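Residue numbers start from 1 in every chain, and the chains themselves are labelled A, B, ... in the order their sequence lines are given, proteins ahead of strands. Just so it is clear, the model here is predicted, and its values are computed rather than measured.
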Amino acid sequence: MLSAEEKAELDRELQQYPARQSACIDAMKIVQRHRRWLSDEALRDIGEYLGMSVADLDGVATFYNLLFRKPVGRHVVMICDSVTCWIMGYEKLRDTLMNRLGVSLGETTSDDRFTVLPIVCLGNCDKAPTLMVDRDTYGNVSPETVEEILARYK
Amino acid sequence: MPSQPSEHEVRVLSRRFGLPNSASIDTYLANDGYRALEKALKEMTPDSILEELKVSNLRGRGGAGFPTGMKWSFVPRQSPKPKYIVCNADESEPGTCKDRLLMEYDPHQLIEGILIAGIVVGSHQGYIYVRGEYRYLIDILDRALEEAYARGYLGKNILGSGFDFDLYTHTGAGAYECGEESALLESLEGKRGIPRIRPPFPAVAGLYASPTVLNNVETFSSVPPIIVNGGKWYAELGTPRNGGTRLFVLSGHVKRPGVYELPMGTPLRKLIYDVGGGIIGDKKLKAVIPGGSSTPVLTADAIDTPLDFDSVAKAGSMLGSGAVIVMHEDTCIVRAALRIMQFYAHESCGWCIPCREGTNWLKKTLTRFHSGGGREEDIGLIEDLAKNMLGRTFCPLGDAAAMPTIAFVQKFRNEFEMHLAGQPCPFEKHGQLVGA
């Protein structure tokens, strides 16, 4: 079952569409915000409320980079590996980040604090290299400043 | 922050960017805001608006450069179905981040452009499809929408004209493919973002199978200044058949990367050296990708190409999204080709085999090549594979992956040869990581 809070948020989104299915990305984002990731149970809950099958929802969930079908840490660090960020030092930044956190791309720190994922172009190319933590984008990130950024997320 | 303005800019769409609270409706109203809407509602007809757009030579800023006036004229206005206006704010082409600024610093200009599209085709509902990564922009846009509703620029009976229009934001969840118009519509309907076969085009059967106008943020944002100042004024800012200004994103190895509004037809040299301050470390220019990662690379000797759709096409590439990516002499072209292919292989939606298999095969071949396992015949294989993807997919993603690859091989064959069997990448020793 969706929680009352999840339902209330989703109901607001539903008002703007003539078809309930249109809100399914919103629904998954809302549930993900509350539960961190989208378990099979989460998809069942959403499916019941929107009148969609779990298979259809799974198809949508697995299509998009920002919907997580596996558990993630409290914060998700997404580091852009597209062409401009690569030109401007993505690899050094990635290596710094992985050394600092002791994880590889796709892994979660043992204290469950961070999951580090590669991500495609974040649309911040004039400030490359760029990364995103949860919903925040950071530009001109250097191996030195990445430490300050991480410190903001407990 | 917006980029430091450059003296070379001609600021039409970005002219309010530096103002205090530029995103607020009060700033907008104090600086010509919603004048175009008033004019469109009170002094113009749908046909006269279309005529101004045609005269303006405005061409779609999303990448394809299709004339906007013509696109809007394809919508069957008499259709009994509801009509929709959809704004593509799913800016995801690597190198591109101009729409982000238009939404962050002047959201009302975008709203006004969308409203005018609604007047032209008789639509009463629209969506701004914002990529999921631009989360903070949703808040800015939602605030702007609220302001517009509160002041009577959205909702029922707008400015007492009898015209109704509702506008909403819709957020994606991270998929390059959803920047393709038909995939975007699928996504907006709550499905996987895979492309539709066309025809029918969205103008006839788009969102919920209804007639739909679908344009990029920059395109809609260009409409209010055209309506206020006239199509002729706008056309004259650019070059023949390429009206107006455009927001260029300058990134990569330049001293002053940024988003700059320049007249169409501005020479590449001026953008890189005068506006952008030249190459980092005063190194030699090697290559420029002129319109986002899907456009064929240009060599340094194309530096005097005017940046308009037709001139860049003549130089063998495309102006695309106006995202100019600069690479200096220490950049490994094979590595750049690989990096770009990794992107397309990941973002291919998997619907068409030539794209799904082609991008991954190319990624593997380029990876092997760069890591010293390349064979002479692989150079031909890479080119051949890419050529066999061209035109054989539902949507342009296959072409977007193939076109730059073909250009990298054809224009920088020597760099591929430098990587042949057993030789380590000759560029690694220089260190790629100039900006880090």
Quiz item: For the atom pair CG (A/N65) and OH (B/Y176), what is the distance rounded to the nearest 0.5 Å?
Solution: 13.5 Å

Exercise. Specify the closest pair of heavy atoms between A/Y64 and B/R192, including all atoms of both residues, with the distance to one decimal.
Key: OH-C, 4.0 Å

Exercise. Find the distance between OG1 (A/T84) and CD1 (B/I289) and round it off to the nearest 0.5 Å.
Key: 7.5 Å

Quiz item: What distance separates B/C97 SG from A/L122 CG, expressed to the nearest 0.5 Å?
Solution: 10.5 Å

Quiz item: Less than 4.0 Å between a side-chain N and a carboxylate O, is that true for A/R135 and B/E133?
Solution: no

Self-check item: Atom group of B/V326 that falls short of 4.5 Å from chain A, counting heavy atoms
Solution: backbone

Self-check item: Top of B/V249, B/V259, B/L188 for chain A proximity - count of heavy-atom pairs under 4.5 angstrom
Solution: B/L188

Self-check item: chain B contact via A/D136 - which portion, at a heavy-atom distance below 4.5 Å
Solution: neither

Quiz item: Side chain, backbone, both or neither: which part of B/C349 has an atom under 4.5 Å from a heavy atom of chain A?
Solution: both

Quiz prompt | Shortest non-hydrogen contact from A/Q16 toward B/Q125 | solution = O-NE2, 3.7 Å

Exercise. Could you walk me through whether A/F63 and B/I194 pass the side chain to side chain contact (heavy atoms under 4.5 Å, CB included) test, one step at a time?
Key: CA-CA 9 Å; A/F63 190 82; B/I194 53 177; 4.2 Å; yes

Practice problem: Sort out for me which of B/G350, B/P257, B/S187, B/G193 touches chain A most, counting heavy-atom pairs under 4.5 Å. | Solution: B/G193

Self-check item: Interatomic spacing from CE in A/M132 to CZ in B/R135 - rounded to 0.5 Å
Solution: 9.5 Å

Quiz item: If every non-hydrogen atom of B/Y127 is compared with every non-hydrogen atom of A/P18, which pair is closest and at what distance?
Solution: OH-CD, 3.6 Å

Self-check item: Within 6.0 Å of CH2 in B/W351, more than 12 heavy atoms from elsewhere
Solution: no

Practice problem: Heavy-atom distances under 4.5 Å only: say whether B/T171 touches chain A with side chain, backbone, both or neither. | Solution: both

Practice problem: Measure distances from B/S321 to the heavy atoms of chain A and classify the residue's part below 4.5 Å as side chain, backbone, both or neither. | Solution: neither

Quiz item: With a 4.5 angstrom heavy-atom cut-off, which part of A/D26 approaches chain B: side chain, backbone, both or neither?
Solution: side chain

Quiz item: Can you check side chain to side chain contact (heavy atoms under 4.5 Å, CB included) on B/T331 and A/W86, steps first, answer last?
Solution: CA-CA 10 Å; B/T331 314; A/W86 167 73; 3.9 Å; yes

Practice problem: Compare every heavy atom of A/I25 with every heavy atom of B/A173, then report the nearest pair and how far apart it is. | Solution: CB-CG2, 3.8 Å

Exercise. Identify which of A/R20, A/E13, A/Q21, A/M28 forms the greatest number of heavy-atom pairs closer than 4.5 Å to chain B.
Key: A/Q21

Exercise. Look at A/G59, A/A19, A/A23 and state which one has the largest set of heavy-atom pairs under 4.5 Å with chain B.
Key: A/G59

Quiz item: For A/S82, is it the side chain, the backbone, both or neither that has a heavy atom under 4.5 Å from a heavy atom of chain B?
Solution: both

Quiz prompt | Heavy-atom pair of closest approach, residues B/P94 and A/V83 | solution = CB-CG1, 4.1 Å

Self-check item: Under 4.5 Å from a heavy atom of chain A, the part of B/Y84 involved
Solution: side chain

Quiz prompt | Among the listed options B/P82, B/A323, B/A336, the residue most often paired with chain A at heavy-atom distances under 4.5 Å | solution = B/A336

Exercise. Go through the atoms of B/R131 and report whether side chain, backbone, both or neither lie under 4.5 Å from a heavy atom of chain A.
Key: side chain

Exercise. Applying side-chain hydrogen bond (donor to acceptor under 3.5 Å, both in side chains), run through A/S22 and B/Y208 and close with a yes or a no.
Key: CA-CA 10 Å; A/S22 276; B/Y208 308 120; 2.5 Å; yes

Quiz item: Any side-chain heavy atom of A/I87 within less than 4.5 Å of one from B/R339?
Solution: no

Quiz item: Between A/Y17 and B/H170, what is the ring plane arrangement, given parallel below 30°, perpendicular above 60°, and tilted in between?
Solution: perpendicular

Quiz item: chain A: which of B/K98, B/H346, B/E347 shares the most heavy-atom pairs with it under 4.5 Å?
Solution: B/E347

Exercise. Go through the atoms of B/L250 and report whether side chain, backbone, both or neither lie under 4.5 Å from a heavy atom of chain A.
Key: backbone

Self-check item: Residues from residues 99-119 of chain A approaching chain B under 4.5 Å (heavy atoms)
Solution: none

Quiz prompt | Value rounded to 0.5 Å, distance of CD in B/E93 from SG in A/C121 | solution = 8.5 Å

Self-check item: Rounded distance [0.5 Å steps], NZ in B/K191 versus CE in A/M52
Solution: 9.5 Å

